[in-house]
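Shown next, in structure tokens, is the structure this report addresses.
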Amino acid sequence: MSEPQFALVDVNNFYVSCERVFNPRLESVPVVVLSNNDGCAVARSNEVKSLGVKMGTPWFKMKALAKAHGVVALSSNYALYGDMSARVVAILRGFTPAIEVYSIDESFLRIESVVKHYGDAVRLGQTVRARIAQWTGLPVCVGIGATKTIAKLANHLAKKRPEYDGVCDFHSLTAIEQEQCLRTIDVGEVWGVGARTVRQLEALQIQTVWDFYRAKPKAIREQFGVVLTRTWMELHGESCLSLEEISADKKQIIASRSFGKPVESIDDLRQSVATYVATAAEKLRAQQSLAAALHVFVMTNRFKDSEPQYDAGLTVPLAYPSDDTRTLTAAALAGLERLYRKGYRYKKSGVMLLDLSAKRLAQADLFEDTQIKAKSARLMRVMDQINQTWGRCSLRSGASGFEQPWAMRAAHRSPRYTTRWDELPVVR
DNA sequence: TCTGGGGTCCTAGGACCC
DNA sequence: TCTGGGGTCCTAGGACCC
């Protein structure tokens with residue numbers, strides 16, 4: 001059996017690139033895509049990155065800079081990004097079925113069995129790049145290595161160093177080149193090394209990837225535990241993290257949002273909670289699970305020191321595990337009644353579905369009414385079908401409200417070009 | 001005025017069992 | 001007077017990821 005060879009394919013500035021595909025005027029213009037509620041920058045074009053704007057910078061803090069440099073800000077358009085992501089994955093499946101969709105814009109591929117058809121790994125990477133560019137218009141970079149962690153690092157090199165032309169196979173570099181690369185990259189760039197660990201490593205004079213690579217595994221194990229030791233081994237070419245081709249069922253499902261403006265009344269909170277339950281329950285049914293408990297939470301704006309703060313949550317167990325939006329909504333609203341305190345300006349609420357189990361393995365209950373259960377299943381199926389056809393929340397419970405004055409802001413959303421007939425791009 | 005949302009895994013410590 | 005040892009399960013909190 002040949003040694004594993006991983007490729008990490010990652011779309012450059014994914015959300016911004018999706019917007020540019022359909023609006024070429026955004027090309028070579030500085031563009032940011034904002035988080036829900038138009039809060040923070042979650043995607044930045046290269047022009048914006050070179051202005052020094054960091055990931056997660058609040059929009060209101062960069063407005064002056066944005067105005068000075070003509071930065072275009074867009075609200076996030078998840079319908080568009082989700083659809084573009086699916087197209088990229090479909091193309092990648094044409095290269096190999098051994099693929100793990102790691103996030104909306106990244107996939108790992110096992111390529112050792114298909115490399116020979118392309119000559120070498122770099123040529124394979126270039127073919128991937130060219131095909132995705134031609135079929136979707138999106139730019140990607142490809143990093144290749146013996147482990148996922150090395151592939152990630154190679155992807156970083158492919159992005160940062162123009163001489164690689166978007167594809168870097170770490171093992172095609174000479175030992176000296178490899179060392180030079182590792183010496184120039186901060187240890188924080190390594191997959192699995194976060195800000196906290198960086199600070200602790202710096203105290204040990206470990207600053208670059210090279211320093212970390214040369215560290216003693218025993219010391220890493222004793223001070224940092226098994227997780228970072230695994231990262232160290234992966235960097236040394238020992239594959240510890242395998243390709244997860246089949247995405248496991250979620251163990252919890254969360255739905256929550258910040259409000260467009262502060263909310264004080266319990267009526268508005270009820271609407272928001274009911275809305276989020278509906279979203280979460282739809283996901284729950286999509287993976288054919290039941291929830292045995294649910295957690296509902298509310299919080300005030302933690303950035304407002306001047307205002308009284310309240311941050312509370314309550315876990316509500318269910319009599320029977322359920323996937324019925326009505327049952328889950330009733331439980332969540334009952335929890336909310338107990339949580340609610342008058343006199344606060346709430347900023348966010350949310351719901352977590354917990355203790356999930358596969359529906360097909362559900363334990364039948366002697367005292368449960370099977371007719372009601374069957375009706376519930378039918379109703380939920382019809383609701384999901386209608387919402388799939390006509391858009392999320394087309395059919396919803398009255399509890400989620402009509403006006404929804406608390407709804408999040410999305411003032412700069414582009415059309416859902418690829419998923420709505422009435423928003424198709426028009427060529428004149 | 002304005003500060004995202006959704007996940008997973010690991011560890012330590014306590015409760016509990018035989 | 002003397003008071004074991006091994007194990008599991010659960011939970012909270014921390015760290016990480018995109």
Side-chain angles (χ1 to χ4, degrees), chain A residues 8-15 32-44 53-64 66 73-78 81-82 85 100-108 148-149 152 155-156 187-201 221-231 234 240-241 244 247-262 272 276 279-280 283-284 287 293 295 297 299-307 313 315 345 347-356 408-412:
Chain A
L8 176 68
V9 181
D10 180 320
V11 185
N12 306 346
N13 314 331
F14 180 53
Y15 297 171
V32 286
V33 174
L34 303 176
S35 63
N36 279 323
N37 229 8
D38 293 344
C40 306
V42 289
R44 303 153 296 154
V53 174
K54 298 270 177 286
M55 178 74 173
T57 303
W59 170 235
F60 76 92
K61 282 191 181 173
M62 56 175 285
K63 256 186 183 166
L74 299 168
S75 307
S76 13
N77 183 347
Y78 287 103
Y81 312 149
S85 174
E100 170 186 345
V101 180
Y102 177 66
S103 76
I104 194 164
D105 73 326
E106 283 176 64
S107 290
F108 285 104
K148 284 179 159 182
T149 303
K152 270 272 199 187
N155 191 280
H156 174 83
V187 67
E189 294 294 338
V190 175
W191 192 38
V193 180
R196 288 296 286 263
T197 307
V198 165
R199 261 180 275 147
Q200 293 174 53
L201 286 170
R221 175 70 183 89
E222 281 166 9
Q223 193 168 344
F224 297 93
V226 294
V227 181
L228 200 66
T229 307
R230 201 157 56 203
T231 296
E234 281 248 318
C240 308
L241 303 170
E244 315 275 340
S247 61
D249 284 346
K250 300 266 179 283
K251 295 171 181 172
Q252 54 182 39
I253 294 172
I254 303 178
S256 85
R257 288 282 183 282
S258 300
F259 302 132
K261 57 185 185 187
S272 70
Y276 305 150
T279 308
K283 290 185 187 172
L284 181 72
Q287 70 166 39
H295 186 83
F297 62 91
M299 60 179 77
T300 49
N301 188 342
R302 66 196 156 95
F303 295 103
K304 294 252 186 211
D305 299 336
S306 55
E307 291 185 5
T315 301
R345 286 156 59 83
K347 179 60 185 166
K348 184 176 183 175
S349 72
V351 171
M352 301 166 66
L353 303 182
L354 307 169
D355 283 351
L356 308 190
M408 70 173 191
R409 284 184 302 270
H412 316 286

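Just so we're clear, the structure is a prediction, and the values are computed from it rather than from any experiment. Every chain is numbered from 1 and lettered A, B, ... according to where its sequence line falls, protein lines coming before strand lines.
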Among [options], the nucleotide that comes nearest once only the side chain of [X] is considered:
X: A/W191; options: B/dT3, B/dG5, C/dC18; value: C/dC18
X: A/K152; options: C/dC17, B/dC2, B/dG5; value: C/dC17
X: A/A255; options: C/dA15, B/dG6, B/dG5; value: B/dG6
X: A/K304; options: B/dG6, B/dG4, B/dC2; value: B/dC2
X: A/T197; options: C/dC16, C/dC18, B/dG4; value: C/dC16
X: A/K63; options: B/dG4, B/dG6, B/dT1; value: B/dT1
X: A/V226; options: B/dC10, B/dG7, B/dC2; value: B/dC10
X: A/I254; options: C/dC18, B/dG6, B/dT3; value: B/dG6
X: A/Y102; options: B/dG5, B/dG6, C/dC18; value: C/dC18
X: A/K283; options: B/dG7, B/dG5, C/dC18; value: B/dG7

Figure out the [atom1]/[atom2] separation between [X] and [N], and round it to whole Å.
X: A/D38; N: B/dT3; atom1: CG; atom2: P; result: 10 Å
X: A/K148; N: B/dC9; atom1: NZ; atom2: P; result: 12 Å
X: A/L241; N: B/dC10; atom1: CG; atom2: C1'; result: 14 Å
X: A/L74; N: B/dG4; atom1: CG; atom2: C1'; result: 16 Å
X: A/K250; N: C/dC17; atom1: NZ; atom2: P; result: 18 Å
X: A/F259; N: B/dC2; atom1: CZ; atom2: P; result: 14 Å
X: A/Q252; N: C/dC10; atom1: CD; atom2: C1'; result: 15 Å
X: A/R196; N: B/dT11; atom1: CZ; atom2: P; result: 16 Å

Stem segments of DNA chain B by first residue number [Watson-Crick or G-U, under 3.5 Å, at least 3]
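For DNA chain B the paired stretches long enough to count as stems (3 pairs minimum) are B:5-18 with C:5-18.
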
Could you report the tightest heavy-atom contact between [X] and [Y], atom names first, then the distance?
X: A/K347; Y: A/T300; answer: CB-C, 3.7 Å
X: A/K261; Y: A/R409; answer: N-NH1, 4.5 Å
X: A/N37; Y: A/S258; answer: ND2-CB, 3.5 Å
X: A/L228; Y: A/G192; answer: CD1-O, 4.3 Å
X: A/Y276; Y: A/S349; answer: CE1-OG, 3.1 Å

Is the closest side-chain heavy-atom distance between A/Y81 and A/V33 below 4.5 Å?
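Contact flag for A/Y81/A/V33 side chains = yes.
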
Given that A/P58 and A/R230 both sit by DNA chain B, which one's nearest nucleotide is further toward the 5' end?
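Residue closer to the 5' terminus by nearest nucleotide: A/P58.
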
Closest-nucleotide mapping onto DNA chain B: is A/G260 or A/K251 further toward the 5' terminus? I mean the 5' end.
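Whichever sits nearer the 5' end wins; that is A/G260.
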
Say whether A/H295 and A/T315, considering side chains only, have a donor N or O and an acceptor N or O under 3.5 Å apart.
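Distance-only check passes for A/H295 and A/T315.
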
